[in-house]
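Encoded as structure tokens, the structure appears first; notes follow it.
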Protein chains: 2
Amino acid sequence: MADSNERYESMVRKLKEHGYKLTHQRLALARVLSVSEGHPDVETIFLRLQDSFPTMSLATVYRNVMLFKSFGEVLELGFPNGRNRFDGNKPFPHPHVICIRCQKIIDPDVGSLKDMTEEVADITGFVILTHRLDFFGICSDCMTEKV
Amino acid sequence: MADSNERYESMVRKLKEHGYKLTHQRLALARVLSVSEGHPDVETIFLRLQDSFPTMSLATVYRNVMLFKSFGEVLELGFPNGRNRFDGNKPFPHPHVICIRCQKIIDPDVGSLKDMTEEVADITGFVILTHRLDFFGICSDCMTEKV
DNA sequence: TTTGCTGCAAATAGTTTGCAGAGAC
DNA sequence: GTCTCTGCAAACTATTTGCAGCAAA
């Protein structure tokens, strides 16, 4: 896991560089995103912020998560069920392993896709900008649990 | 591309095996899905069906695409924007290359992810059931087009 | 003081569901 | 003739937007 203080500083720097105001809400959100324990969805981020920031609204969470995403400071993982999840700790493409029972998401340390990306570019004539690789399965906790 | 007649027969067989009725709507949908030219979204499938089937409703498309998906006869590609797309021609995990300008999706012929899947299972302790690999970029048509 | 930001509530868009009539077998 | 399926419209859910008041700089 990346150093979350560095991540936080980077987010704050991007706000300043782009001329956005440093509101309490944005700073609190940057704090939560920079840790991003467990790849939270918007609801989870909202709940974590309410602990320290009771007046926070959902709309503000959406607006500012998207703002940080536009700076490349947050990676959005979209899902068909509409509960997208966010990673502000490692905001660059990397593989995910997702438990289809408990929805846990972890980051495995595996080799990069650089070779395959080049192969795909050669074959298809696309200019490849990014990628997404998810493995779906059942985590060991859920495997040992009674049904 | 797989043989679309074989795919169609397979879909019809699954309907019979599971005791579902062979309605005109389901057969027409199976025909469209078995070709799946261009990984259509629900709206596109709906429009294609209306040519030959003017009374078709969107709800019926949704219900039956999901029915075929439950048989493993259709692969759903979910996207954060909510316009999910479907592949009834190759309903098993395979890489996709997606143009972020024109939304075209193509299937590149690249090596499998078998080795990486095993590596991920070893590292994480997950039982890996499926995966998804998408490359995002700009296709050659869109690259040469004027902005 | 100025300008951008937040919170609220209403709007939006894709998808799902309840129900009465239609159709497969 | 029976029982599932369809079409319609309303419901649902995550997200976005308009707007009036608030707060950062």
Side-chain angles (χ1 to χ4, degrees), chain A residues 11-33 39-71 74-86 103, chain B residues 11-33 39-71 74-86 103:
Chain A
M11 289 185 196
V12 175
R13 202 180 316 126
K14 285 282 169 60
L15 286 175
K16 287 179 186 165
E17 281 172 14
H18 290 82
Y20 287 94
K21 295 188 174 172
L22 305 186
T23 63
H24 291 152
Q25 290 89 333
R26 281 178 180 153
L27 297 177
L29 177 61
R31 192 61 82 185
V32 168
L33 286 173
H39 306 75
D41 59 16
V42 169
E43 194 68 28
T44 303
I45 294 168
F46 178 59
L47 291 174
R48 287 186 193 167
L49 287 168
Q50 284 202 315
D51 288 346
S52 53
F53 218 105
T55 67
M56 174 72 67
S57 91
L58 252 186
T60 297
V61 177
Y62 277 107
R63 275 189 282 238
N64 289 302
V65 169
M66 288 306 135
L67 184 65
F68 284 121
K69 185 186 169 189
S70 76
F71 300 152
V74 167
L75 183 73
E76 179 173 18
L77 297 178
F79 291 99
N81 72 2
R83 292 192 91 79
N84 293 357
R85 296 174 62 168
F86 297 88
Q103 313 303 320
Chain B
M11 290 185 197
V12 176
R13 200 181 318 126
K14 286 281 169 62
L15 285 175
K16 287 179 186 164
E17 282 173 12
H18 291 81
Y20 287 94
K21 294 189 173 171
L22 304 185
T23 63
H24 292 154
Q25 290 90 333
R26 281 176 179 155
L27 296 177
L29 177 61
R31 193 59 83 183
V32 168
L33 286 174
H39 306 74
D41 58 16
V42 168
E43 193 68 28
T44 303
I45 293 168
F46 177 60
L47 291 174
R48 287 186 194 165
L49 287 168
Q50 284 201 315
D51 289 345
S52 54
F53 218 105
T55 67
M56 173 73 67
S57 91
L58 253 186
T60 297
V61 177
Y62 275 107
R63 274 188 283 239
N64 288 303
V65 168
M66 287 306 134
L67 184 64
F68 285 122
K69 185 186 169 189
S70 76
F71 300 152
V74 167
L75 183 73
E76 179 173 19
L77 297 178
F79 291 99
N81 71 3
R83 292 193 91 80
N84 292 358
R85 296 177 60 169
F86 297 89
Q103 312 305 320

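Numbers restart at 1 for each chain; the letters A, B, ... are given by sequence-line order, proteins then strands. Since the structure is predicted, the reported quantities are computational estimates derived from the model, not experimental observations. Keep in mind that the numbers below use all heavy atoms, side chains included, and drop hydrogens, waters and symmetry copies.
Taking the 5' to 3' direction, DNA chain C first and last meets chain B under 4.0 angstrom from a heavy atom at dG14(C) to dC25(C).
When the side-chain hydrogen bond (donor to acceptor under 3.5 Å, both in side chains) test is applied to R31(A), the partners found at least two apart in sequence or on another chain are N5(A). Listed by chain and number, the residues in a side-chain hydrogen bond (donor to acceptor under 3.5 Å, both in side chains) with R48(A) amount to none (sequence neighbours excluded). With sequence neighbours excluded, the residues forming a side-chain hydrogen bond (donor to acceptor under 3.5 Å, both in side chains) with S57(A) are T60(A), listed by chain and number. In this structure, the side-chain contact (heavy atoms from CB on, under 4.5 Å) partners of L27(A), at least two apart in sequence or on a different chain, are Y8(A), V12(A), L22(A). Under the rule for a side-chain hydrogen bond (donor to acceptor under 3.5 Å, both in side chains), the partners of R26(B) that lie at least two apart in sequence or sit in another chain are N64(B). For E76(A), the salt bridge (Lys or Arg N to Asp or Glu O under 4.0 Å) partners two or more places apart in sequence, or in a different chain, are K69(A). Residues forming a salt bridge (Lys or Arg N to Asp or Glu O under 4.0 Å) with R83(B) (at least two apart in sequence, or on another chain): D41(B).
Against DNA chain D, the stretch residues 14-31 of chain B makes heavy-atom approaches under 4.0 Å through Y20(B), K21(B), T23(B), Q25(B), R26(B). Of all the residues in residues 55-63 of chain B, T55(B), M56(B), S57(B), A59(B), T60(B), R63(B) reach under 4.0 Å from DNA chain D with at least one non-hydrogen atom.
End-to-end axis angle of the helix from dT1(C)-dA25(D) to dC25(C)-dG1(D), from C1' rotation axes over five pairs per end: 40° (rounded to 10 degrees).
For residues 11-23 of chain A, the side chain to side chain donor-acceptor pair (under 3.5 Å) pairs, not counting sequence neighbours, are K14(A)-E73(A).
Across all strands, D41(B) comes closer than 4.0 Å to no nucleic acid atom at all (heavy-atom distances).
Between M56(A) and F46(A), the shortest heavy-atom contact is O-CE1, 3.2 Å. Here the shortest heavy-atom pairing between S70(A) and L67(A) reads OG-O, 2.6 Å.
For F53(A) and dC22(D), the CZ to C1' distance is 12 Å, given to the nearest whole Å. Put simply, CZ on R83(A) is 12 Å from C1' on dT15(D), counting in whole angstrom units. Atom-to-atom, CD of E76(A) to P of dA14(D) comes out at 14 Å; the value is rounded to the nearest Å.
Put simply, the side chain of V65(A) reaches to within 4.5 Å of the side chain of L29(A), judged on heavy atoms.
Atoms CG and CG, on L33(A) and L75(A) in that order, are 11.5 Å from each other to the nearest 0.5 Å. For the atom pair CG of L58(A) and CD of Q50(A), the computed distance is 8.0 Å after rounding to the nearest 0.5 Å.
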